[in-house]
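Just below is one structure, and these are the notes that go with it.
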Number of protein chains: 2
Amino acid sequence: MEDTATPVSPQEQIASPRRAPSQQRSRERVERMLAAASALIAEQGSDAMRMGEVAERAGVSIGSLYQFFPDKRAIVWALAERYTTESQACISAALAGVGDAEGLGQAFSELVDIYYRLFLAEPVMRDIWSGTQADKALRQLELADSRANAEFLAAVLKRLRPAADPVALETTAFLVWQMGEAAMRLAISVERQEGDRLVAAYKRMALRELLDG
Amino acid sequence: MEDTATPVSPQEQIASPRRAPSQQRSRERVERMLAAASALIAEQGSDAMRMGEVAERAGVSIGSLYQFFPDKRAIVWALAERYTTESQACISAALAGVGDAEGLGQAFSELVDIYYRLFLAEPVMRDIWSGTQADKALRQLELADSRANAEFLAAVLKRLRPAADPVALETTAFLVWQMGEAAMRLAISVERQEGDRLVAAYKRMALRELLDG
DNA sequence: TACAAACATGAGTAACCCTCATATTTGCAA
DNA sequence: TTGCAAATATGAGGGTTACTCATGTTTGTA
């Protein structure tokens with residue numbers, strides 16, 4: 001996966017590059033800007049990230065920064081979008097091959113573990129998804145991402161339980177997924193040991209919901 | 001150049017009045033400030049709320065505002081604290097009298113409904129708890145509140161299932177409660193109809209976890 | 001009545017996001 | 001190669017906002 005372009009984004013004033021970099025030179029510079037932002041977020045959080053600092057660390061002027069990102073949130077949004085794109089492929093692959101209840105249990109359990117480990121290890125991801133409630137564009141992105149992932153899950157459920165009401169299955173899948181994200185956010189904001197317990201409890205709860213109907 | 005003698009508050013830099021109003025006059029003024037802030041949050045959200053506007057609407061100077069609140073977040077925090085104090089009493093009362101599984105199901109179901117209606121009706125509450133992820137002090141308050149409420153729930157569970165592992169029950173209660181708050185936030189950010197479905201699904205899921213172990 | 005502590009004020013400060021006029025570089029057609 | 005428009009680069013400065021502080025006023029009380 002390269003290129004990515006990220007030309008425009010859905011509806012309204014969702015953050016998007018003000019101008020897509022078309023030359024090699026500027027594409028590299030945009031990469032440097034994103035890398036600088038990522039590093040700063042890891043160090044101090046996106047709230048404390050200063051645009052001037054991003055520019056300085058990327059070795060560009062403040063004006064260049066705004067040439068490609070309409071505002072501060074757009075940078076965070078761009079980073080978030082990369083995470084969702086990557087993880088969706090991973091999730092889709094993990095769930096696509098599921099054929100029976102046991103397989104679902106296995107795959108889901110592994111996904112939860114992977115996500116938890118990712119949240120623990122990636123300060124940038126953690127920071128970005130923490131700000132999800134406050135920022136409208138981020139919230140939209142997270143909702144869309146969650147919906148997409150929940151649909152993968154719902155597809156499996158429909159396969160396993162063809163007699164069940166499809167809408168109910170979709171609701172369950174969406175809820176279970178969102179609860180998972182909430183559980184992760186909770187788990188990483190408490191002591192490690194309690195976090196582990198909470199994730200384990202979530203997993204049990206979710207699996208029961210998914211498997212026993 | 002930092003505040004030397006701030007009265008301080010529980011651990012860390014949790015927001016608190018810089019100086020407690022001791023005179024009748026100032027107590028009234030603080031009330032007016034909070035009322036003004038509440039109205040502005042309801043109108044435009046706490047992010048768009050301007051300190052100057054709060055002062056103007058409360059009929060006080062900007063300096064007076066900062067006499068009692070160390071910063072902007074402290075005002076939001078003070079409002080949030082009122083909500084938690086009020087609701088904790090309500091929740092405690094609802095759960096205290098529960099004697100059997102059926103009673104728990106009844107009480108919990110009612111609590112969920114009340115909370116959902118509250119979230120739908122109260123823009124201030126909605127706004128404040130939305131910002132919970134971004135603001136550290138608010139997050140602490142919400143966590144503490146959630147822990148307290150979860151303890152009421154855990155106490156009931158321990159009464160109903162004295163043989164079960166207490167720590168597991170506490171974990172379950174805390175998780176279920178946090179999932180509930182997440183479900184509410186989710187529900188109010190989608191179409192009303194889908195929100196209703198999600199809340200209903202959460203209720204089913206939570207009740208199963210609470211009642212069936 | 002005196003006086004210290006509490007309270008009130010608002011012009012001023014600092015920090016930050018973002019703009020824009022201007023300069024430079026690139027791609028490409030003639 | 002040369003000319004030129006589009007793309008890219010720059011950073012001083014505009015505008016907004018949270019917050020401070022020196023100064024003045026009110027209140028409780030000895």
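Below, chain A is the first sequence line, B the second, and so on; all start at residue 1. Small disclaimer: the values here were computed from a predicted structure and weren't measured.
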Q) Among all residues two or more places apart in sequence or in another chain, which pass the side-chain hydrogen bond (donor to acceptor under 3.5 Å, both in side chains) test with B:Tyr83? A) B:Glu122
Q: Tell me which of B:Gly63 and B:Ser22 sits closer to the 5' end of DNA chain C, going by the nucleotide each one is nearest to.
A: B:Ser22
Distances for protein N or O near nucleotides 13-19 of chain D N or O, under 3.5 Å:
residue, atom, partner, partner atom, Å
D:dT17, OP1, B:Arg50, NE, 3.2
D:dA18, OP1, B:Met49, O, 3.4
D:dA18, OP1, B:Lys72, NZ, 3.3
D:dA18, OP2, B:Met51, N, 3.3
D:dC19, OP2, B:Tyr66, OH, 3.2
D:dC19, OP2, B:Lys72, N, 2.7

Q) Who pairs with B:Ser26 by side-chain contact (heavy atoms from CB on, under 4.5 Å), at least two apart in sequence or on another chain? A) B:Pro21, B:Gln23, B:Phe68
Q. Which pairs count as side-chain hydrogen bond (donor to acceptor under 3.5 Å, both in side chains) when at least one residue sits in residues 199-208 of chain B, sequence neighbours excluded?
A. A:Glu209-B:Arg204, A:Glu209-B:Arg208, B:Ser109-B:Lys203, B:Asp113-B:Lys203
Q: Just do the side-chain hydrogen bond (donor to acceptor under 3.5 Å, both in side chains) check on B:Glu81 and B:Trp77 with the steps written out, would you?
A: CA-CA 6 Å; B:Glu81 211 240 354; B:Trp77 193 91; over 6 Å; no
Q) Given atom CD of A:Glu28 and atom P of D:dA9, what is their separation to the nearest angstrom? A) 11 Å
Show me the side-chain donor-acceptor pairs of residues 36-44 of chain B shorter than 3.5 Å, one per line, residues at least two apart or across chains.
residue, atom, partner, partner atom, Å
B:Glu43, OE1, B:Arg57, NH2, 3.2
B:Glu43, OE2, B:Arg57, NH1, 2.9
B:Gln44, NE2, B:Glu53, OE2, 3.4

Q.
Categorize A:Ser64 for me: base, sugar-phosphate, or nothing, with a 4.0 angstrom heavy-atom threshold over every strand shown.
A. base
Q | Counterpart residues, side-chain contact (heavy atoms from CB on, under 4.5 Å), relative to B:Ser130 (two or more places apart) | A | none
Q. How would you list, by chain and number, every residue that makes a salt bridge (charged side-chain N to carboxylate O under 4.0 Å, His left out) with A:Asp135, sequence neighbours excluded?
A. A:Arg73
**Q.** Contact under 4.0 Å: A:Arg29 side-chain N or O vs D:dT8 OP1/OP2
**A.** no
**Q.** For B:Arg117, salt bridge (charged side-chain N to carboxylate O under 4.0 Å, His left out) partners two or more places apart
**A.** none
Q: May I ask you to decide if A:Ser22's main-chain N or O and A:Arg27's side chain share a donor-acceptor pair within less than 3.5 Å?
A: yes
Q | Boundaries of the DNA chain C segment in contact with chain A, non-hydrogen, under 4.0 Å | A | C:dC16 to C:dT26
**Q.** Residue pairs passing the salt bridge (Lys or Arg N to Asp or Glu O under 4.0 Å) test where at least one lies in residues 141-154 of chain B, sequence neighbours excluded
**A.** A:Glu194-B:Arg147, B:Glu142-B:Arg185
Q | Qualifying residues under side-chain contact (heavy atoms from CB on, under 4.5 Å), relative to B:Ala154, sequence neighbours excluded | A | B:Glu170, B:Ala173
**Q.** Interatomic distance where CZ belongs to A:Arg32 and P belongs to D:dT8 [whole Å]
**A.** 14 Å
Q) CD of A:Gln67 versus P of D:dT10: gap in Å, rounded? A) 10 Å
**Q.** Footprint string (nucleotides 24-30 of chain D, 5' to 3'): B base within contact, S backbone only, - free, heavy atoms under 4.0 Å
**A.** --SS---
